[in-house]
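A short write-up of the structure that comes next.
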Amino acid sequence: MDEFASISHWTAGRQSAEWQQQRGVTLGIGDDTAIIAPAAMADELDGPLELLMAVDTMVETVHFNAYTMTDEDVGYKALAANVSDIAAMGGVPRHALVSVSVPAAYGPERIARLYDGLYACAADYGVAIVGGDTTSSPQHLVVAVTVTGAVEAGRALRRSGAKPGDAVVLTGAVGLSAAGLHLLLARKQERQEQAAREAVESGVTGGASDTSDTSDTSDTSDTSDTSDTSGTQPAGYLQAASSAGVSNQAQHEEVRGAAALIGAHCRPAPSLRAGRLLLERGSCNSLNDVSDGLASEAWEIAEASQCCLMLKEDMLPRSGSMAAYAADVGIDPLEWMLYGGEDYVLLGTMEAADVQAAREAFHAEGLPFYIVGEVRQGAPSVVLEPSLSAKVDGAAAKGKCMPLAKRGYNHFKK
């Protein structure tokens with residue numbers, strides 16, 4: 001198929017004209033540009049609006065490979081990352097432009113599966129896909145998505161509004177995505193080692209898999225080898241585990257826990273409704289989405305607001321699945337929680353007098369809400385109050401705070 005036939009194959013019939021028109025689309029895919037009627041962009045919002053715009057790029061060997069994510073997962077996550085940015089402003093996403101750079105090793109059906117994931121996410125969050133671009137790529141797949149959204153004029157939640165005395169809040173548990181990636185890479189390592197053993201046993205050594213893995217797994221960016229482009233997918237592990245005649249409750253729990261971690265990495269759920277709830281309350285002074293790690297996002301708020309954020313270890317939400325897996329592999333779960341990233345929950349600060357009412361409002365809608373610290377006056381910084389059971393320099397940690405490094409995933413820092 002040529003470029004135009006491919007675009008039609010990937011996008012035709014995915015979203016009805018009526019559905020797109022409800023989102024202000026006058027002209028969608030098929031012309032030089034899309035045409036949007038601003039007045040209909042977000043009819044559930046009141047009064048004058050401001051336009052929100054976000055772009056995110058996913059690169060094969062940097063963010064994903066054929067083992068850690070399915071083609072559908074790549075498409076879903078590429079759009080979800082942008083939806084999360086809109087959520088962090090308290091806005092509503094509306095339209096998306098999708099650019100794909102496709103290597104020759106990918107046939108049109110693999111990209112069609114990627115678009116399956118894109119359109120699944122679009123349906124989940126009400127986003128009209130209205131255009132984009134398609135190019136060839138010399139080696140790796142690149143997916144770039146631009147999303148537009150809207151928010152009530154003058155009410156967007158920014159990083160720069162935190163005030164001393166604010167409570168620091170979080171709209172979900174963190175560390176699951178990093179744990180999910182660790183699990184996927186560990187499964188890959190197990191497969192490589194098994195293949196090497198089988199090659200030795202069969203007397204074939206020249207073709208044995210290289211069991212060394214030089215991937216950097218200190219964050220959720222995936223830099224592992226992508227030489228396997230046959231479509232081996234992480235979902236296969238879960239399917240096999242589920243159908244293998246699991247015989248006891250502990251094994252059932254292990255499979256469910258693995259599914260939760262892998263799902264958090266491959267199919268993140270942006271906190272869109274949470275962002276709207278925080279904006280509607282009028283007491284949220286700053287907001288950020290957790291894409292590069294909790295510590296990194298806290299630093300962004302601290303620097304933008306010129307204040308100190310104190311996080312309390314005992315108050316940070318800790319997923320049971322994540323904690324159990326961390327114990328199994330001998331990793332401190334706090335490392336994933338603070339520095340893992342790609343959880344796409346929201347970190348913010350709000351007036352302390354409203355946090356209990358906010359928690360009740362969140363719980364009434366079945367949404368998580370955690371108070372995890374406080375904002376203090378001082379130079380921009382982020383500190384952690386250790387767990388009461390921890391010790392610092394041999395003494396009880398109560399009342400002592402440790403500075404948190406400005407660390408998280410950074411594409412240009414080695």
Side-chain angles (χ1 to χ4, degrees), residues 15 19-25 34 36-57 76-98 118-119 121-132 144-162 166 169-172 268-292 297 300-301 304-305 342-351 354 358 361-362 365 367-369:
Q15 295 176 336
W19 191 87
Q20 289 207 342
Q21 286 167 6
Q22 292 171 3
R23 286 150 183 81
V25 181
I36 308 298
M41 277 192 58
D43 54 10
E44 70 266 41
L45 304 183
D46 296 326
L49 305 179
E50 289 180 328
L51 180 65
L52 302 174
M53 303 179 71
V55 62
D56 205 85
T57 302
Y76 194 100
K77 192 170 184 176
L79 180 54
N82 286 276
V83 171
S84 184
D85 286 331
I86 302 295
M89 308 299 287
V92 176
R94 268 299 172 255
H95 312 103
L97 300 168
V98 179
L118 276 163
Y119 277 98
C121 186
D124 286 345
Y125 296 98
V127 177
I129 296 178
V130 297
V145 180
T146 298
V147 169
T148 68
V151 67
E152 292 87 347
R155 296 191 62 192
L157 299 173
R158 307 184 183 190
R159 299 171 181 171
S160 56
D166 278 359
V169 299
L170 198 60
T171 66
S271 300
L272 190 59
R273 179 56 186 155
R276 289 299 295 165
L277 278 176
L278 289 170
L279 180 140
E280 290 164 2
R281 297 201 68 78
S283 59
C284 182
N285 293 323
S286 68
L287 199 60
N288 208 2
D289 80 318
V290 182
S291 55
D292 296 325
E297 312 304 344
E300 289 181 352
I301 291 175
S305 301
E342 290 194 343
D343 291 299
Y344 298 116
V345 298
L346 301 177
L347 172 72
T349 74
M350 66 186 307
E351 296 169 11
D354 192 44
F362 269 68
E365 296 202 23
L367 297 174
F369 182 88

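What you see is a predicted model, and the numbers here were worked out from it, not measured in a lab.
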Among side-chain atoms of Ser84 and Asp289, is any donor-acceptor pair under 3.5 angstrom? yes
My understanding is that only residues two or more places apart in sequence, or in another chain, count here; which of them pass side chain to side chain donor-acceptor pair (under 3.5 Å) with Glu152? Arg276
Would you indicate whether the side-chain heavy atoms of Ile86 and Val147 approach each other to under 4.5 Å? yes
If you round to the nearest 0.5 Å, how far is CZ of Arg273 from CG of Leu278? 10.0 Å
If you define the side chain from C-beta out and look only at heavy atoms, does anything of Val55 sit under 4.5 Å from Met53? no
Has the side chain of Arg155 got a donor or acceptor atom that lies under 3.5 Å from a matching backbone atom of Leu279? yes
Is there a donor-acceptor pair under 3.5 Å between the side chain of Thr57 and the backbone N or O of Ala144? no
Please find the pair of heavy atoms, one from Leu49 and one from Ala150, that lie closest to each other, and give the distance. CD1-CB, 4.2 Å
Under the side chain to side chain donor-acceptor pair (under 3.5 Å) test, which residues partner Asn288, sequence neighbours left out? Arg159, Glu297, Glu300
Can you name the residues that form a ring-ring contact (aromatic ring centres under 6.0 Å, His included) with Tyr125, not counting sequence neighbours? none
Gap separating the OG1 atom of Thr171 from the CG atom of Leu346, nearest 0.5 angstrom: 4.0 Å
Contacts of Ser283 meeting side chain to side chain donor-acceptor pair (under 3.5 Å) (sequence neighbours excluded), chain-then-number -> Asp354
Taking all atoms of both residues into account, what is the closest heavy-atom pair of Leu52 and Gly91, and its distance? CD1-CA, 3.8 Å
Within the 4.5 Å heavy-atom criterion, are Leu97 and Val145 side-chain neighbours or not? no
Restricting to non-hydrogen atoms, name the atom on Ser160 and the atom on Ser305 that form the minimum distance, rounded to 0.1 Å. C-OG, 3.1 Å
Gly126 versus Arg94, closest heavy-atom pair with distance: O-NH1, 3.5 Å
Taking all heavy atoms of Ala274 and all of Leu367, pick out the closest pair and write down the distance. N-CD1, 4.3 Å
Tyr119 vs Leu79 side-chain heavy atoms within contact, under 4.5 Å: no
Write down the atom of Ala80, the atom of Pro268, and the distance for their closest heavy-atom approach. CB-O, 4.0 Å
Check whether any side-chain heavy atom of Leu170 lies under 4.5 Å from a side-chain heavy atom of Val290, and answer yes or no. yes
Below 4.5 Å, heavy atoms only, C-beta onward: do Glu351 and Asn285 meet side chain to side chain? yes
Tested for side-chain contact (heavy atoms from CB on, under 4.5 Å) against Pro270, the lone hit among Val345, Val83, Asp124 is Val83
Close side-chain approach of Leu118 and Val98, heavy atoms under 4.5 Å: yes
Does either side chain, that of Ser286 or that of Thr349, offer a donor lying less than 3.5 Å from an acceptor on the other one? yes
Please round to the nearest 0.5 Å and tell me the distance separating atom CG of Leu347 and atom OG of Ser271. 11.0 Å
Among all residues two or more places apart in sequence or in another chain, which pass the side chain to side chain donor-acceptor pair (under 3.5 Å) test with Asp85? none
Taking atom OG1 of Thr148 and atom NE2 of His95, what is their separation to the nearest 0.5 Å? 5.0 Å
Within the 3.5 Å criterion, strictly below it, is a donor on Asp56 or Asn82 matched to an acceptor on the partner's side chain? no
Check salt bridge (Lys or Arg N to Asp or Glu O under 4.0 Å) between Arg158 and all other residues, then give those that pass, not counting sequence neighbours. none
Salt bridge flag under 4.0 Å for residues Lys77 and Glu342: yes
Taking side chain as C-beta onward, heavy atoms only, is Tyr344 less than 4.5 Å from Ser291? yes
